[in-house]
Amino acid sequence: MGDMRLSDAERQDALDVLEEHVRTGRLDIDEYGARSAKVTAAKRVSELVPLFDDLPSPRPSALLNGVSAPRVPVASSEDSALVRFLTAAAVPIAIVLAVAVLILSRGRLLIISVALPLVVAMIAGARRRR
């Protein structure tokens with residue numbers, strides 16, 4: 001197992017598992033960045049082992065003794081429905097908040113009113129592409 005070369009699919013699976021650990025709060029964004037860079041550069045299964053040693057399940061399929069087992073999602077279907085709703089509603093909510101800030105600040109915080117919906121739209125767009 002340790003000397004096996006990684007496939008692109010196994011590398012992507014390892015990145016997906018890291019994302020799951022970020023969503024559950026086990027990794028912060030800096031740790032995710034460092035570990036995902038190492039996963040992307042990894043050529044062999046043995047290079048993944050130290051990246052997941054301190055993390056519980058889910059584990060990348062490449063580390064499961066060569067058995068490609070499906071991961072069990074941590075979030076329930078109700079949680080994922082809420083996440084989908086909030087992601088879809090993020091831009092309209094941001095626009096309403098931007099208008100409220102503009103009105104309450106009498107135009108002094110115009111830059112926030114313009115920048116906030118753009119930032120939220122970029123974040124929502126990045127999440128949809130995943």
Side-chain angles (χ1 to χ4, degrees):
M1 171 178 106
D3 289 335
M4 297 288 294
R5 290 188 64 87
L6 284 169
S7 70
D8 289 340
E10 289 168 327
R11 214 173 277 108
Q12 184 59 52
D13 178 57
L15 290 171
D16 293 344
V17 170
L18 283 178
E19 287 178 14
E20 181 64 30
H21 287 300
V22 171
R23 281 192 291 274
T24 58
R26 290 189 186 95
L27 291 177
D28 64 29
I29 197 69
D30 292 331
E31 291 172 305
Y32 170 77
R35 291 184 193 212
S36 63
K38 290 178 182 176
V39 167
T40 303
K43 300 214 182 316
R44 303 200 175 273
V45 173
S46 59
E47 297 173 58
L48 295 182
V49 173
L51 302 176
F52 292 91
D53 271 349
D54 62 336
L55 295 170
S57 184
R59 314 279 289 171
S61 59
L63 297 181
L64 298 175
N65 297 324
V67 178
S68 184
R71 291 190 319 275
V72 176
V74 175
S76 70
S77 62
E78 292 150 2
D79 290 341
S80 60
L82 177 62
V83 168
R84 283 193 305 275
F85 169 75
L86 290 176
T87 302
V91 173
I93 290 171
I95 291 170
V96 169
L97 288 175
V99 170
V101 167
L102 180 63
I103 291 169
L104 294 174
S105 69
R106 296 187 184 123
R108 288 176 291 200
L109 298 177
L110 182 61
I111 189 69
I112 292 176
S113 300
V114 172
L116 183 63
L118 293 175
V119 170
V120 172
M122 289 187 315
I123 291 170
R127 287 184 183 210
R128 281 190 213 126
R129 283 191 291 268
R130 283 189 202 163

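- No donor-acceptor distance shorter than 3.5 angstrom exists from the side chain of Asp13 to the backbone of Pro60, with no hydrogens or angles considered.
- Note: Glu10 CD to Leu15 CG = 12.5 Å, rounded to the nearest 0.5 Å.
- Of all non-hydrogen atoms in Ala14 and Phe52, the two that sit nearest each other are O-CZ, 3.6 Å.
- Rounding to the nearest 0.5 Å gives a distance of 7.5 Å between CG of Leu18 and CG of Leu55.
- Shortest non-hydrogen contact noted between Ala62 and Val45 is O-CG1, 3.5 Å.
- The CD atom of Glu19 sits 8.5 Å away from atom OG of Ser36, with the distance rounded to the nearest 0.5 Å.
- No donor-acceptor contact under 3.5 angstrom links the side chains of Gln12 and Asp8, judged on distance only.
- Note that the NZ atom of Lys43 and the CZ atom of Arg5 stand 6.5 Å from one another [nearest 0.5 Å].
- Tyr32 OH to Arg23 CZ: the interatomic distance, rounded to the nearest 0.5 Å, is 9.0 Å.
- Tested against Leu63 for a side-chain contact (heavy atoms from CB on, under 4.5 Å), the candidates Leu48, Val17, Leu51, Asp53 yield a single pass: Leu48.
- Judged by distance alone, with hydrogens and angles left aside, the side-chain atoms of Arg59 form no donor-acceptor pair with the main-chain N or O of Leu64 at under 3.5 Å.
- One side chain, Arg26 or Thr24, offers a donor N or O that lies under 3.5 Å from an acceptor on the other.
- Once rounded to the nearest 0.5 Å, the distance linking NE2 of His21 with OG of Ser57 reads 7.0 Å.
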Derivation of the side chain to side chain contact (heavy atoms under 4.5 Å, CB included) call for Arg11 and Val39: CA-CA 6 Å; Arg11 214 173 277 108; Val39 167; 3.9 Å; yes
Check the pair Asp30, Arg35 against salt bridge (charged side-chain N to carboxylate O under 4.0 Å, His left out), reporting the backbone distance first and the verdict last. CA-CA 9 Å; Asp30 292 331; Arg35 291 184 193 212; over 6 Å; no
